[in-house]
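To start, the structure itself, in structure tokens.
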2 protein chains.
Amino acid sequence: MSTERERTPSPTISEVAEAAGVGRATVARTLGGYGSVSPKTRDRILAAAKELGYRPNSIARSMTTGETRTLGVVLADVGNPFFAGVLRGISDAAREAGYDVIVLSTDESVEQEAAAIEVLVDKQVDGIALAPAAGRRETLPHLDVVAKRGIPLVLLDRLVDTVAADAVVINNREASREAVEALIAQGHRRIGFVWGPVTNEPAADADDLRRILDHALWSDGERLLGYLDALERAGIPFDTSLVTHVLKNEQQATRAVLGMLALSDAPTAIFATETDALTGALRAMRQRGLLCPEDISLIGFDDSSWASVMTPPMSVVAQPMHRLGVLTAECLLARVAGSDAPVATHVLEASFIARDSVAPAAR
Amino acid sequence: MSTERERTPSPTISEVAEAAGVGRATVARTLGGYGSVSPKTRDRILAAAKELGYRPNSIARSMTTGETRTLGVVLADVGNPFFAGVLRGISDAAREAGYDVIVLSTDESVEQEAAAIEVLVDKQVDGIALAPAAGRRETLPHLDVVAKRGIPLVLLDRLVDTVAADAVVINNREASREAVEALIAQGHRRIGFVWGPVTNEPAADADDLRRILDHALWSDGERLLGYLDALERAGIPFDTSLVTHVLKNEQQATRAVLGMLALSDAPTAIFATETDALTGALRAMRQRGLLCPEDISLIGFDDSSWASVMTPPMSVVAQPMHRLGVLTAECLLARVAGSDAPVATHVLEASFIARDSVAPAAR
DNA sequence: CTGAAAGCGCTAACAA
DNA sequence: TTGTTAGCGCTTTCAG
């Protein structure tokens, strides 16, 4: 933990200027591609720069220009396939425009989100894409700095209506409704929902649940609303015992589904709104020796190559993850470039992919 | 694309100094936590700083200190679950130490890798973690700059022996050998391998193949070596037609496995060294109406919750992705902190998880 | 078309 | 213990 690494420092603009026998400013103009320089000196400078292996010092540049050509991305978990896919999209679009990306994970914690934002503001990123941590839909005070500093912000995947910023989201509610309707169309009336809001006191009825969801900030909340919509349209009574209320990890999902399965009036179908919820349900069914779709029909969220090679292939609501990322970045970059278009919410469509995990309900 | 955003500029150290009625340096010392300051003025400065909402300008700091507290990570694809998992590990360890992470994907292209490295060097990251693009094991000239500039470098997942840098890898060869031996133990002698090297002229024999692999830089290459080892130990002749030689995407894997299945002496088991290879194999089997493990035994690479809820649950070689990332970051951060320990290669163990996708070979 | 010079906000060496 | 000062490398007026 001690000795110095030898660092051959990168040549500076002054050295290039000296080598080319001109002033610093002329070099800056040439290399920066602005102002005008006579072809002769231009060539001389270019030659000298190449000779010395000159590379502009981006930090010094940022210092004077105030821009870092870096975007910040804050999301729940980079390791999660959904966010990883979105990040890839953001990253691709950013790179295209000559920007790089700093990523921070929050694990759905508001504290970590605040810390992440602070880091990004301090690092002076040119723009921030934020997938807000799940939780209550209250003002996010840590975003005040972002606004005050005039840093462009785009909300990703989750909408916070108290924040006046562009947003890019999925039509979670409608897509979920469609999925549940596909179940209902096959005669299912007892449909389990994984995952509902984490709570000790499950909602008493649909209206109560709607009230809870109204204050939540949360993709699954929208999906639950879609579920409720489908039920309502079909005139199917809402049963609170068919909605999970536990911490969101696969084990809990398994346990919750096991609980539903033990009900005297057990569900004949399950709608799982995340991959973990689906695999948890599958695990529970396996434990009880139940088959899909013979015993229970299943619909999941987020497509993957696994879903389509399962036995049976799983019907899912597929989100355009990459596209979501690309659009987010484009939106953000437009603001960074100075766009003053009115704040807008872009809604991308998730698509229901029907495969073989849904069968008619047994009478 | 025009009007200015109002940016309330962050207060500078001078403003704090003025507000507190002291010199700039005193403020710097107080806020920077070095040198010594009298408790009195210290409090006054802290109060003023808080009052003004002072935040140090990290760019200006980097300008003088030469460090950015940022790490660069270059990998094939952030959207890939394996790399996403590794990135999460790197990110966690980096954050712990007060560092942030810039990620760049290369899609296994050497050109993109070179471009990524250039970007990171220009951005003056304090260290770089690189999962080299698959390809020929030749010197990577774009790494010269990194060495010349004395930027710490850690190789990740793939070993390049021409580069003198720390490395963190998996025991691919041994883990694969074990997996294949598990197949052999069940009486399998015709074992398909997905994925081998992309080539038009498949190797004539095992030695030829070894020679090819010797020049390749590629995790699957090590895995293929492990396969060869297992075959050799068991005295099973190597058959080139059981190794795929196509582009690495799921469709190609499907096609290649379809080809193997059409062989008069078709494989009774398949070892798939990536998730895409496994799902491709499953898809091919499904198309031919073949069942796992009754007709074909299967072993995949990389665990996921999907693998364990499949019918049947898939046996896999599981890599400690998160740990791999953490160790990489720790290793890199130690160098950044100035460690001059001898260059080392850390080998993490992948573990074989036996589930139900392997059955005894039919006689 | 070109050069000189100021200054971005901070750190660090030196004086007081 | 404090303040003064000199840069870090670049961009950007402003003269020439």
Side-chain angles (χ1 to χ4, degrees), chain A residues 4 7-46 48-49 52-70 121-126 149-150, chain B residues 4 7-46 48-49 52-70 121-126 149-150:
Chain A
E4 292 302 288
R7 293 191 166 248
T8 307
S10 191
T12 75
I13 215 170
S14 308
E15 299 178 46
V16 176
E18 189 170 8
V22 298
R24 285 204 290 279
T26 312
V27 177
R29 272 190 289 264
T30 307
L31 269 21
Y34 61 96
S36 50
V37 188
S38 81
K40 264 185 165 175
T41 44
R42 224 186 75 96
D43 291 348
R44 201 139 40 89
I45 290 168
L46 256 26
L52 293 174
Y54 173 80
R55 304 255 67 208
N57 180 328
S58 65
I59 296 179
R61 176 175 291 170
S62 295
M63 180 88 163
T64 62
T65 62
E67 43 182 54
T68 51
R69 303 228 117 211
T70 303
V121 170
D122 282 354
K123 279 247 155 95
Q124 294 173 62
V125 294
D126 294 336
R149 293 279 286 272
Chain B
E4 292 303 286
R7 293 193 167 248
T8 307
S10 192
T12 75
I13 215 170
S14 309
E15 300 179 46
V16 177
E18 187 170 10
V22 297
R24 286 202 289 280
T26 312
V27 177
R29 272 190 290 264
T30 307
L31 269 21
Y34 61 98
S36 49
V37 188
S38 83
K40 264 185 166 176
T41 44
R42 222 184 77 95
D43 291 349
R44 202 140 38 90
I45 290 168
L46 256 25
L52 294 174
Y54 173 80
R55 303 255 68 206
N57 179 328
S58 65
I59 295 178
R61 176 175 291 171
S62 294
M63 180 89 163
T64 64
T65 62
E67 42 182 56
T68 51
R69 305 228 116 212
T70 304
V121 170
D122 282 354
K123 279 246 155 96
Q124 295 174 60
V125 295
D126 293 336
R149 293 279 286 272

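Below, chain A is the first sequence line, B the second, and so on; all start at residue 1.
- Nearer the 5' end of DNA chain C, as judged by each residue's closest nucleotide, is the contact made by A/Thr26, out of A/Thr26 and B/Asn57.
- To the nearest angstrom, P of C/dC8 lies 12 Å from CE of B/Met63.
- Here the side chains of B/Ser58 and B/Arg69 are not in contact, with every heavy-atom distance at 4.5 Å or above.
- Spacing between atom CZ of B/Arg61 and atom C1' of C/dC8 amounts to 16 Å, rounded to whole angstrom units.
- Helix-axis bend for the helix from C/dC1-D/dG16 to C/dA16-D/dT1: the local axis fitted to the five terminal pairs at one end deviates from that at the other end by 40°, rounded to 10°.
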Below 3.5 Å between N/O atoms, which protein atoms pair up with nucleotides 13-16 of chain C? Just atom names and distances, please.
none

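- For the residue pair A/Ala20 and A/Arg44, the shortest heavy atom distance occurs at O-NH1, 2.5 Å.
- B/Arg29 approaches B/Val37 most closely through the heavy-atom pair CB-CG2, 4.0 Å.
- C/dG7 atom C1' lies 16 Å from atom CD1 of B/Ile13, rounded to whole Å.
- Using a 4.5 Å heavy-atom cutoff, the side chains of B/Thr70 and B/Lys123 are not in contact.
- The separation between A/Arg24 atom CZ and C/dA5 atom C1' is 8 Å, rounded to whole Å.
- Remark: B/Thr64 is not in phosphate contact with C/dA12, judged by side-chain N or O atoms under 4.0 Å from OP1 or OP2.
- No more than 12 heavy-atom neighbours from other residues, nucleotides or ligands sit within 6.0 angstrom of CZ on A/Arg42.
- Atom-to-atom, CD1 of B/Ile59 to C1' of C/dG7 comes out at 15 Å; the value is rounded to the nearest Å.
- Rounded to the nearest 0.5 Å, atoms CD (B/Glu15) and OG (B/Ser10) are 8.5 Å apart.
- Residues from residues 39-46 of chain A placing a heavy atom under 4.0 Å of any atom in DNA chain C, listed by number, are A/Thr41.
- You can see that DNA chain D meets the heavy atoms of chain B within a 4.0 Å-exclusive cut from D/dT1 to D/dG9, reading 5' to 3'.
- For the pair B/Asn57 and A/Gln124, the tightest heavy-atom approach, listed with the atom from each and the gap, is OD1-NE2, 2.8 Å.
- Under the rule for a side chain to side chain donor-acceptor pair (under 3.5 Å), B/Thr64 has no partner lying at least two apart in sequence or in another chain.
- Every residue meeting the side-chain contact (heavy atoms from CB on, under 4.5 Å) condition with A/Ser62, not counting sequence neighbours, appears here in chain and number order: A/Thr68, B/Ile59.
- For the residue pair A/Tyr54 and A/Ile13, the shortest heavy atom distance occurs at CE1-N, 3.6 Å.
- B/Val121 has its side chain out of reach of A/Arg55: every pair of non-hydrogen atoms, C-beta onward, lies at least 4.5 Å apart.
- Between B/Val16 and the choices B/Leu52, B/Val22, B/Leu46, the side chain to side chain contact (heavy atoms under 4.5 Å, CB included) rule is met once, by B/Leu52.
- Within a 6.0 Å radius of CD in A/Glu18, other residues, nucleotides and ligands contribute 12 heavy atoms or fewer.
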